[in-house]
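All values below come from the heavy atoms of this structure, side chains included, with hydrogens, waters and symmetry mates left out. If you're wondering where the values come from, they're calculated on a predicted model, not measured in any experiment.
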Amino acid sequence: NLMAVRVRFAPSPTGFLHLGGLRTALYNFLFAKKHGGQMILRIEDTDRKRLVPGAIEALQQALAWAGIHPDEGPATTDASAPGPYLQSARISLYQAHVDQLVQSDQAYPCFCSSARLAELRAASAKSGLSTAYDGACRHLTQTQIQEAKSRGSPYTIRMRTPRGQEIHFEDRVYGKLSVQTSHVDDQILLKSDGFPTYHLANVVDDHLMNISHVLRGEEWLSSTAKHVLLYQAFGWQPPEFVHLPLLFNRDRSKLSKRQNDLFVDVLRRRGYLPQAVLNFVAFLGWTPPDGDNARHYASVADMVADFSLDGLHKAGAVVDLHKLAFIQKQHMRQLGTPPARSALEYGATYLQQTQPKPPLHAAAVAAAAAITTANTTTDQARATAPSSSSAAVARSAPLLADGGSAALAYHRAVLQACASICDTLDDVAVQCAYFFHDGHFHDQADSIRAAVLHGKAGNLEPCLQAVVNSMEELRQHNSFNAERLLETLTQAAENHGHKKTQVMAAIRMILTGRTSGPTLLCLMETLGADESIARLSKALDAAFLHG
C-alpha cells in the first residue's frame, strides 16, 4: 500500500493505562515506525460521567515510561496539525457533521426518554427478542419534530440505518466480512447533552486526521459495520481495519481492566523495567517472523524491525503474569550487556529517584563513575579510578549534592552488581539496601560480632585488622581493585592460618549484614575503598566489638 501510514491510539480517560491498552498503543507505534508513518494520541473523553481526574496526564506519562512517543497528540502546538486531540474540544465538528446527515435524511432526532428505552430493552430481553431500538421516532414528520423541540423535549440524533442491504468490509486479521443491515441498530450519534457517541466521533476524527489504519481491540469488530455505514453516508473512504485478539486471564475468563496488577503504573512502581513489560506485551497476540515467541527484545527499535501485521493472531492471548515475572528476571540478568544499556540507564535513574540517601562516601561514587564510564573491567581502567584523597572527595561532593552524573554512576554500578540476584528494581532497594546505608550494624550487630570473634575459624580480629591495613595501602596507591583485593585476602588468611572462604564470609557479614549477595570482590569494588574500610574499621572498634 503506497498511502502514508497514520495510526492512532485513542484511549478514554475513564481509568489508567493497563496492559491491554499498552498492547494496542505498542502495536500502533510499531506499525507506524516500521512504515515510516506517524502515530497520533487522541483522547476520547466524550463520556463525561466516567472521566477520572488526572487520567489524561497519567496516560501520557505511562506511554512515555514505556518509550512510546506519539508524533501528534494533546501536546502538539503546530497550528497546521489536524487537532485538537481531545474530543471534548471538537464538539462543534461533530455537531456540524451530524447536521449534514440530518439534512440528507440519513439521521433523525429521537425524543424517546431513557425510561422508555429501558422498558423497551427489558421487555425485549424478557421475550427473547432483539434489544435494538424499535424505530419509534424514525418516521416522525417535520411538524411532529418541530412541536417536540418547541416543547423543550430532550432528544438524541440517531443514524437512519438503511434496510434490506448488506454491509461488506475487510479486516487484516479476520478477512472479508459482511453484515445484514437488519442486524444493525439505529445507533445514537449525538447524545442529548450535545456530545457525540464513540461511533460518530471516531469515524469523523479518523477521517479528518487522515488515519490510514485502525488497530484496535477485537471487541470493536462487531461495531465496525456501523462505522462503515457512517463512512458511506459521508462519502468517505474507510481506513484499513485491524482488530487485535482478545486478552484472557489464565483461566480463559475475560480479562478485567480493573485488576490492579494489570495497570502499567503499578508495574512501574514495583520496579519492573519498561523493556521487560513491552517484551511481554508484544507477544500478547503477535509472533515474530521466525516464530520465536521467547525472543528477548532489548528495545522498541528491535521490535520495529520485526513487526508485521501478518504475525497477528486470531485466537485470544492469555495474560500470564508469571510469564511477565520470568521475562523481567531475564531482562535484569542482561543489564550488564551492551544491548541492555538503555534498561541499565533507566534502572540507575530509578534507584537514584527512589533511594533518598546518597552513597555515604563521595570518593566511592567517583571511583564507580570512572569504572562504569570506562565500561570495562581491566586493571588499567580500575587503576584510573580516583583515590579517596580530599581532592577526589571535593570533586565528587557537588555532583552528589545536585544528583549529577557521579551519583548516577554509583547507582549504575550497584545495579550491575545486584542484577544477577534481584528480579526487580525494588528487590535491589530491599535485598541490597547495604549499598545505600549501613543500618545492618544496628539490626545485625550480634551476627557481625559473632562473625569476627566466634566464627568457624575462631577469632578473626587480628586477621581482619591486617586486611584493613592492607586495604589502606591499596587506597593510597590507587589500586583498590578486584585483583589486588583478592591477593590481600588470600595473603592475610594464609598469614593467620585461616581459610580464605572463612575470612571472606566474615567480611561479607560486616559489609552487608548478610550471608549471600554479589561476589565479595564486586561488592567491595562497588562500595569503594572508603566505605569498605570504614565498615570494617567500625566492626573492629572495641566499643562495638565488645559492647
### Message
Using side chain to side chain contact (heavy atoms under 4.5 Å, CB included), reason through Arg160 and Asp105 one step at a time and then give a plain yes or no.
### Response
CA-CA 8 Å; Arg160 190 184 299 278; Asp105 201 31; 3.1 Å; yes

### Query
With Val319, which of Asn249, Leu255, Leu324 fulfils side-chain contact (heavy atoms from CB on, under 4.5 Å)?
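Checked Asn249, Leu255, Leu324 against Val319; only one passes side-chain contact (heavy atoms from CB on, under 4.5 Å): Leu255.
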
### side-chain contact (heavy atoms from CB on, under 4.5 Å) partner of Val264, chosen from Leu63, Leu17, Leu59
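Going through Leu63, Leu17, Leu59 one by one, the side-chain contact (heavy atoms from CB on, under 4.5 Å) with Val264 is satisfied by Leu17 alone.
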
Checking [X] side chain against [Y] main chain: does a donor-acceptor pair fall under 3.5 Å?
X	Y	result
Asn28	Val7	no
His18	Gly20	yes
Gln328	Leu273	yes
Ser12	Thr14	no
Gln144	Thr141	yes
Glu72	Ile40	no
Glu166	Ser178	no
Arg341	Gly336	no

Salt-bridge contact [X]-[Y] (side-chain N to carboxylate O under 4.0 Å):
X	Y	answer
Lys226	Asp185	no
Asp426	Arg270	no
Asp186	Arg163	yes

Whether [X] and [Y] hold their rings parallel, tilted or perpendicular, with breakpoints at 30° and 60°:
X	Y	value
Phe307	Tyr27	tilted
Phe169	Phe241	perpendicular
Trp286	Tyr297	tilted

What's the shortest heavy-atom distance between [X] and [Y], and which atoms?
X	Y	value
Gly217	His243	O-CD2, 3.4 Å
Thr224	Trp220	OG1-O, 3.1 Å
Pro82	Met209	O-CE, 3.6 Å
Leu140	Pro109	CD1-O, 4.5 Å
Ala340	Leu335	CB-CA, 4.0 Å
Arg6	Asn210	CB-O, 3.4 Å

### Task
Step by step, work out the ring pair (Phe, Tyr, Trp, His ring centres under 6.0 Å) result for Phe436 and His411.
CA-CA 9 Å; Phe436 310 107; His411 288 92; 5.7 Å; yes

### Query
Does anything in residues 111-132 pair up under side chain to side chain donor-acceptor pair (under 3.5 Å), and if so which pairs, sequence neighbours excluded?
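Of all non-adjacent pairs touching residues 111-132, those that pass side chain to side chain donor-acceptor pair (under 3.5 Å) are Arg116-Asp134.
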
Output the distance between atom [atom1] ([X]) and atom [atom2] ([Y]), rounded to the nearest 0.5 Å.
X	Y	atom1	atom2	value
Ile167	Leu229	CD1	CG	3.5 Å
Gln61	Arg268	CD	CZ	8.0 Å
Asn293	Thr287	CG	OG1	4.0 Å
Arg250	Leu321	CZ	CG	8.5 Å
Leu344	Thr337	CG	OG1	9.0 Å
Ile421	Cys432	CD1	SG	4.0 Å

Heavy atoms, side chains only, cut-off 4.5 Å: are [X] and [Y] in contact?
X	Y	result
Phe435	Cys418	yes
Leu247	Val318	no
Gln87	Ile43	no
Pro74	Leu86	yes
Tyr133	Leu117	yes
Tyr346	Thr349	no
Glu218	Leu244	no
Leu230	Met159	yes

Judged by modelled atom types alone, do [X] and [Y] share a side-chain donor-acceptor pair under 3.5 Å?
X	Y	answer
Asn279	His296	no
Asp78	Thr76	no
Thr161	Arg138	no
Gln180	Ser182	no

### Check against side chain to side chain contact (heavy atoms under 4.5 Å, CB included), Glu240 and Arg172
CA-CA 8 Å; Glu240 194 162 342; Arg172 281 292 294 270; 2.7 Å; yes

Step through the shown structure and confirm whether more than 12 heavy atoms of other residues, nucleotides or ligands are within 6.0 Å of [atom1] on [X].
X	atom1	result
Lys254	NZ	no
Lys191	NZ	yes
Phe234	CZ	yes

### Task
Walk me through it: do Arg42 and Glu44 pass the test salt bridge (Lys or Arg N to Asp or Glu O under 4.0 Å)?
CA-CA 6 Å; Arg42 187 174 72 221; Glu44 301 193 339; 3.1 Å; yes

### Task
Kindly state whether the ring of Phe31 and the ring of His35 have centres lying under 6.0 angstrom apart.
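That pair passes the under 6.0 Å test.
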
### Task
Apply the test side chain to side chain contact (heavy atoms under 4.5 Å, CB included) to residues Thr24 and Phe9: give CA-CA distance (whole Å), side-chain angles for both, the deciding distance (0.1 Å), then the verdict.
CA-CA 7 Å; Thr24 301; Phe9 175 53; 4.0 Å; yes

### Query
Given His97 and Leu208, is the side chain to side chain contact (heavy atoms under 4.5 Å, CB included) satisfied, shown in steps?
CA-CA 11 Å; His97 283 82; Leu208 296 181; 4.1 Å; yes

### Query
Considering residues at least two apart in sequence or located in another chain, which fulfil the ring-ring contact (aromatic ring centres under 6.0 Å, His included) criterion with His227?
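For His227, the residues satisfying ring-ring contact (aromatic ring centres under 6.0 Å, His included) (neighbours in sequence not counted) are Tyr198, His199.
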
### Task
With sequence neighbours excluded, tell me which residues meet ring-ring contact (aromatic ring centres under 6.0 Å, His included) with Phe195.
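Not a single residue meets the ring-ring contact (aromatic ring centres under 6.0 Å, His included) criterion with Phe195.
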
### Query
Under the criterion salt bridge (charged side-chain N to carboxylate O under 4.0 Å, His left out), which of Asp205, Asp206, Asp71 is the partner of Arg8?
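The passing option is Asp206.
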
